[in-house]
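Predicted, not measured: the structure shown is a model, and the values here were computed from it. We number each residue from 1, following the sequence as shown.
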Amino acid sequence: MESRRNQAIQFFKEGYNCAQAVVLAHSDLLGMEKEQLLKVSQSFGGGMGRMRQVCGTVSAMLMVAGLLTGSANPKDLENKKENYDMVQRLAAAFEKKNGSIICRQLLGLETKQSSVGAEYREGTTPEPRTEEYYKKRPCTELIGDACDILAEHF
C-alpha cells in the first residue's frame, strides 16, 4: 500500500489544496464521505483561505486528530483535555521540524503579525499548479511532514 505521505503529495499535485490533501490521505480512517472531508477542509488551504495564517497541513492534522480522538459530548472534559494535549503535541512536532506552524513564515513571506493576514493576502484566486509553482513552495514537503507526524501518533 502506498504511504499516506505519498498519497497526500499526489493529491496535492492533482490540485487539491494542502489541507484537503492531508485529510484525503487519511479518509479511510475518518468515517466520513470523501466529498464531505474535501468540503470541510477546503477553507483551510493557503493558511485559511489564502490569508497565510496557520498552515493548512497543520489544520488538517488537527482535523484528523479531532475525528479520531474527539468527543461530541460537550461535558466530557477529560476527552477535551486529551484532545487538546494531542493538538499541542502535533503542532509542536510540526513546529520543531519546520520552524513554524504559520503559512506565511513557512513560505518565506513577511513575518510581521496580523490578526487577519491582510498584509499577506495574495487575493483569493489560487495559482495555477505549474512546475514553477511547485519549485517555489515547500508545500509538498510540509504535506509529507504532516502525514509522517500523524503516523507517529495514530
Side-chain angles (χ1 to χ4, degrees), residues 4-5 7-27 29-72 74 80 83-130 132-154:
R4 291 187 199 282
R5 177 189 186 92
Q7 286 177 338
I9 290 169
Q10 186 57 45
F11 289 137
F12 184 71
K13 289 181 175 179
E14 289 174 15
Y16 294 105
N17 72 36
C18 52
Q20 288 174 313
V22 172
V23 170
L24 192 55
H26 293 83
S27 63
L29 303 176
L30 302 179
M32 290 176 66
E33 295 293 323
K34 287 182 181 181
E35 184 175 335
Q36 289 176 307
L37 291 169
L38 290 169
K39 286 181 178 181
V40 77
S41 59
Q42 183 177 31
S43 298
F44 295 90
M48 299 180 180
R50 294 194 75 198
M51 290 189 296
R52 306 303 183 204
Q53 297 289 340
V54 173
C55 175
T57 65
V58 174
S59 295
M61 281 194 312
L62 307 184
M63 282 185 254
V64 170
L67 288 167
L68 292 176
T69 68
S71 171
K80 190 179 285 190
N83 176 261
Y84 289 176
D85 287 344
M86 176 60 70
V87 164
Q88 291 189 20
R89 282 193 302 275
L90 293 171
F94 188 92
E95 185 174 37
K96 181 178 180 183
K97 179 150 181 73
N98 295 291
S100 180
I101 64 168
I102 304 299
C103 176
R104 67 179 168 268
Q105 293 172 355
L106 294 163
L107 294 180
L109 303 174
E110 190 70 46
T111 58
K112 189 170 89 177
Q113 293 294 320
S114 167
S115 62
V116 294
E119 297 90 38
Y120 313 104
R121 287 191 198 143
E122 302 162 288
T124 56
T125 304
E127 292 179 53
R129 299 289 179 83
T130 63
E132 279 304 307
Y133 174 92
Y134 293 114
K135 284 180 188 175
K136 71 179 182 176
R137 297 193 179 284
C139 300
T140 54
E141 201 56 38
L142 299 172
I143 288 165
D145 290 346
C147 291
D148 291 347
I149 291 166
L150 282 168
E152 292 171 11
H153 290 85
F154 296 102

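Atom CG of Leu62 and atom OG1 of Thr57 lie 9.5 Å apart (nearest 0.5 Å). Atom OH of Tyr134 is separated from atom OG1 of Thr140 by 8.5 Å, given to the nearest 0.5 angstrom. From Gln105, atom CD reaches atom CD of Glu95 across 8.5 Å, with rounding to the nearest 0.5 Å. Rounding to the nearest 0.5 Å gives a distance of 4.5 Å between CZ of Arg137 and CD of Glu127. One distance of note links CE of Met61 with CD1 of Ile149; it measures 5.0 Å at 0.5 Å rounding. Summarising the geometry, atom OG belonging to Ser27 is positioned 8.0 Å from atom CD belonging to Gln7; distances are rounded to the nearest 0.5 Å.
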Original post:
Which is it for Arg50 and Cys103 under the side chain to side chain contact (heavy atoms under 4.5 Å, CB included) test, yes or no, and what are the steps along the way?
Top reply: CA-CA 9 Å; Arg50 294 194 75 198; Cys103 176; over 6 Å; no

**OP:** Take Cys139 and Leu107, measure what side chain to side chain contact (heavy atoms under 4.5 Å, CB included) needs, and give me the verdict at the end.
**Re:** CA-CA 8 Å; Cys139 300; Leu107 294 180; 4.1 Å; yes

Original post:
Given the rule in the side chain to side chain contact (heavy atoms under 4.5 Å, CB included) test, do Leu106 and Phe94 qualify, once you have shown the distances and angles that lead to the verdict?
Top reply: CA-CA 11 Å; Leu106 294 163; Phe94 188 92; 3.8 Å; yes

**OP:** Applying side chain to side chain contact (heavy atoms under 4.5 Å, CB included), run through Leu37 and Leu24 and close with a yes or a no.
**Re:** CA-CA 7 Å; Leu37 291 169; Leu24 192 55; 5.7 Å; no

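Counting heavy atoms from C-beta on, the side chains of Glu141 and Arg5 come closer than 4.5 Å. Side chains of Thr69 and Phe154 form a contact here, defined as non-hydrogen atoms less than 4.5 Å apart.
The two residues Phe12 and Ala21 have their closest heavy-atom pair at N-CB, 3.8 Å. Shown here for Asn17 and Gln42, the closest heavy-atom pair between the two residues is ND2-O, 2.8 Å. Taking every heavy atom of both residues into account, Arg104 and Met51 meet most closely at NH1-O, 4.3 Å. The minimum heavy-atom distance linking Gly45 with Ala19 is given by the pair N-CB, 4.2 Å. Minimum heavy-atom separation, Ile143 to Ala8: CG2-CB, 3.4 Å. For the residue pair Ser41 and Val23, the shortest heavy atom distance occurs at CB-CG2, 4.0 Å.
The environment of Tyr84 atom OH is sparse: at most 12 non-hydrogen atoms of other residues, nucleotides or ligands sit within 6.0 angstrom. By the 6.0 Å contact criterion, CZ on Phe11 is enclosed, its count of non-hydrogen atoms from other residues, nucleotides or ligands being greater than 12.
Scanning for side-chain hydrogen bond (donor to acceptor under 3.5 Å, both in side chains) contacts around Lys80 gives an empty result, with sequence neighbours left out.
The only option from Val22, Asp148, Leu150, Leu29 that meets the side-chain contact (heavy atoms from CB on, under 4.5 Å) definition with Arg4 turns out to be Leu29.
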